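Below: the structure, in structure tokens.
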Amino acid sequence: EAGVTRPKGYNVSFHCNPDMEKHHFGQTHPMKPWRLTLSKSLIYSYGMSFAMDNYISRAATYEELASFHATDYLDFLGTVLPEPVPFDVENPNPDLKFNLGGSDCPLFEGLYDYCSMSAGGALDAARKLCTKQSDIAIAWGGGLHHAKKSEASGFCYINDIVIAILQLLRCYPRVLYIDIDVHHGDGVEEAFFSTDRVMTVSFHKYDPQNFFPGTGALDDNGPQSEHNPGSHHAINVPLNDGITDEQYDWLFNSVIGKCIEKFRPSAIALQCGADSLAGDRLGRFNLQVQGHGACVDFCKRVGIPLILFGGGGYTPRNVARAWTYETSIAIDHQDKLNHMIPTHTPWRDHFRHETLFPTLEQILGEPRQNRNTQKKLQDIVQHVTEQLRFVQA
Ligand code: V1P
Ligand code: CA
Ligand code: ZN
């Protein structure tokens, strides 16, 4: 790029793989990989690619996936064939294992490729932080926080976050994992239960009987024993329906501020699941693009290496809004954005149900009744403060 000088600031890298976006979970499934295409196209139409290093990420290798996952699980994932569609809910295929197949984690054409591409993007991003070529690395195709060592769960088959954090641990002593998806980041939490080199913090809707995955209570802090160095390093922030930007911002600043002070991370991994936005098809919160983005801004200001992952997000036009706004925060251009969505295709099509001039910052969704009292939020901060007494960097 001869002759192009970049304003100084953070080096940001952007990792994606267009082949990932072509995969389909099935007609009625809420997870739509094409939301990544929508997001990227909005990001590019604002011209943001000129302020970042852009990479087409490669697929992760079997060995890289095996840094976290069991080989019998990977082998099965690599050979299992798509189920007949529509599958028979009453008579599931008895040959299926590892929670594969069915409505949440269906078997679709190219599943293994989709998974290895998601992990490849996350891993490339982590490597850029390790080599210090990037200060902030973005992998919106990653963030699949429910996958376990030997089990698929909640639309997630391969835990790209765990694989990326394992990479970060090769060059950084301590990693703080933060999860603002509306669901509990159970897979990442469990993976690092027994180490004091990773602290996990998830903010989520918590209603064990009625909301997936049902874990992540305030006093769920992992297996507690004097022999477990990872004791007290799992923090959970369970919330009710309808939390607002203002409350979330206060809670995020208080909780994460204290975690950073005590744990002194050397890098931050932030899962930016966009299903915590108002109007999400599966979500329950009232967050706006600004409130969601404030979390990214807070993490960026800490001034240590930062990796941003995607995650959930089931109202694609809002996912694109949020991740575009957050990309602009990473490259420090949020105040220079003309918040009007570009009117050329494909924007015209996806935003056609909205006002004539849709913007990034418009109010999303019908507001839900806010069921989070100030007292409850204070109790959360109090509990977290007590947990952190046991933590030392
Ligand atoms: O509630 C369940 C299971 C199915 N029941 C037996 C309990 N599953 C949820 C899974 C949500 C996964 C979220 C993933 C992420 O955190 C990260 C990418 O965002 C579920 C829901 C729901 N409303 O919670 N599955 C589905 N909806 C679903 C709907 C239609 C078709 C297929 C799945
Ligand atoms: Ca979460
Ligand atoms: Zn989610």
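As the structure is a prediction and not an experimental result, all values here were calculated from the model. Order of appearance sets the numbers: ligands from 1, and atoms from 1 within every ligand. Note that the numbering runs from 1 along the sequence shown for the chain.
Counting protein heavy atoms only, atom 5 (N) of ligand 1 is closest to D104 OD2, 5.0 Å. Scanning all protein heavy atoms for the shortest distance to atom 32 (C) of ligand 1 gives S103 O, 3.5 Å.
Within D275, OD2 is the N, O or S atom that lies nearest to the Zn ion (ligand 3). Distances from the Zn ion (ligand 3) to the N/O/S atoms of D181 are shortest for OD1. Nearest N/O/S atom of H183 relative to the Zn ion (ligand 3): this is ND1.
Ring geometry, W140 versus W323: the interplanar angle falls under 30°, so the pair is classed parallel (tilted spans 30 to 60°). Between F252 and Y248, the ring planes lie parallel to each other; the angle is under 30°, not in the 30° to 60° tilted range. Taking the six-membered ring where tryptophan is involved, the planes of F108 and H23 are tilted, since the angle between them lies from 30° to 60°.
Note that the CG atom of L36 and the CD atom of E21 stand 5.5 Å from one another [nearest 0.5 Å].
The atoms of ligand 1 that sit less than 4.0 Å from any heavy atom of M31 are 18 (C). The distance from ligand 1 to the heavy atoms of G154 drops below 4.0 Å at these ligand atoms: 12 (C), 14 (C).
When rounded to 10 degrees, the angle formed at the Ca ion (ligand 2) by O (D181) and O (F203) equals 70°. Between the O atom of H183 and the O atom of D179, the angle centred on the Ca ion (ligand 2) amounts to 170° when rounded to 10°.
S57 contributes a side-chain N or O that, together with a main-chain N or O of C16, makes up a donor-acceptor pair within less than 3.5 Å. Here the side chain of N159 pairs no donor or acceptor atom with the backbone of K148 at under 3.5 angstrom.
By the criterion of a heavy-atom distance under 4.0 Å, the side chain of P30, and not its backbone, is placed next to ligand 1.
C105-C156 SG separation is not under 2.5 Å; the pair is not scored as a disulfide.
Of the candidates V384, D179, L176, V201 forms a side chain to side chain contact (heavy atoms under 4.5 Å, CB included) with just one, namely L176.
Protein heavy atoms are found inside the 4.0 Å sphere centred on atom 26 (C) of ligand 1.
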